[in-house]
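Right, one structure below, let's go through it.
This structure is a prediction, so every number in the text was calculated from the model and none was measured.
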Amino acid sequence: SAGTQWNLDPQGTRTLSYLDVKDSKNTNATDINVVGANCTDSGNNSNWIFLTPEIDLQRPEDTSLADGSTDNVGNQEVGEVEIDYMLDNKAGSADLVITEITATNMVNCSNFASWDTPSSVPAGEAYDFYFEFEVGGSGPFSFDVAIANNDPDENPYNMTVTGTGV
């Protein structure tokens with residue numbers, strides 16, 4: 001059954017283990033283990049501060065695209081297209097690590113690539129990068145993007161890109 005398990009050792013190394021169990025086989029479970037690194041304790045063993053990244057994909061800059069959203073890039077000429085994005089970790093307190101960006105379910109488009117994508121975005125910073133793909137012909141196009149990363153609640157970060165080839 002679903003539930004949350006805590007293991008807190010208030011003495012010595014100040015170890016905290018957290019397991020959020022989502023089903024009986026621990027499939028889709030969230031496991032956080034902290035020993036010393038990347039955490040601080042207020043001294044009273046109750047106010048732990050965890051350093052975590054926070055992915056925020058934006059287009060244009062300062063316009064957030066929520067995880068699971070659709071980004072309509074409008075009319076695009078048939079052929080090679082580049083769409084600029086901002087990968088923002090300004091709300092994060094730890095480096096955001098990007099491990100892979102993939103595109104699937106490509107309709108009327110092909111040859112997806114991600115360019116100038118940083119492998120890591122330091123806490124408090126943001127970087128520009130872009131997606132490149134080819135629109136195959138006139139009419140609607142779409143594809144799904146998954147950004148594998150170390151954000152604890154948005155991994156992978158997913159979105160759908162749509163538009164119209166002209």
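When hydrophobic clusters are built by joining Ile, Leu, Val, Met, Phe, Trp and Tyr residues whose side-chain heavy atoms come closer than 4.5 Å, directly or via intermediates, Ile147 is not grouped with Val97.
Legend: side-chain hydrogen bond (donor to acceptor under 3.5 Å, both in side chains) pairs involving residues 150-163, not counting sequence neighbours, sorted by first then second residue: Asp144-Thr160. Within the structure, no pair that satisfies the salt bridge (Lys or Arg N to Asp or Glu O under 4.0 Å) test touches residues 95-104, not counting sequence neighbours.
Take Asp71 and apply the salt bridge (Lys or Arg N to Asp or Glu O under 4.0 Å) test, not counting sequence neighbours, and it matches Arg59. Contacts of Asp56 classified as side chain to side chain contact (heavy atoms under 4.5 Å, CB included), with partners at least two apart in sequence or in another chain: Gln58, Ser64, Asp88.
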For residues 124-143, which side-chain donor-acceptor pairs fall under 3.5 Å, sequence neighbours excluded?
residue: Glu125; atom: OE1; partner: Tyr127; partner atom: OH; Å: 3.2
residue: Glu134; atom: OE2; partner: Asn111; partner atom: ND2; Å: 3.2

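Tested against Val145 for a side-chain contact (heavy atoms from CB on, under 4.5 Å), the candidates Ile101, Leu65, Leu57 yield a single pass: Ile101.
With contacts defined as side-chain heavy-atom distances shorter than 4.5 Å, the pair Ile98/Thr117 qualifies. The closest side-chain heavy-atom distance from Pro53 to Asn149 is not below 4.5 Å.
In terms of heavy atoms, Ser93 sits closest to Ala123 at C-CB, 3.6 Å.
To the nearest 0.5 Å, atoms CG (Leu87) and OG (Ser120) are separated by 10.0 Å. The structure places CD of Glu54 at 8.0 Å from CG of Asn89, a figure rounded to the nearest 0.5 Å.
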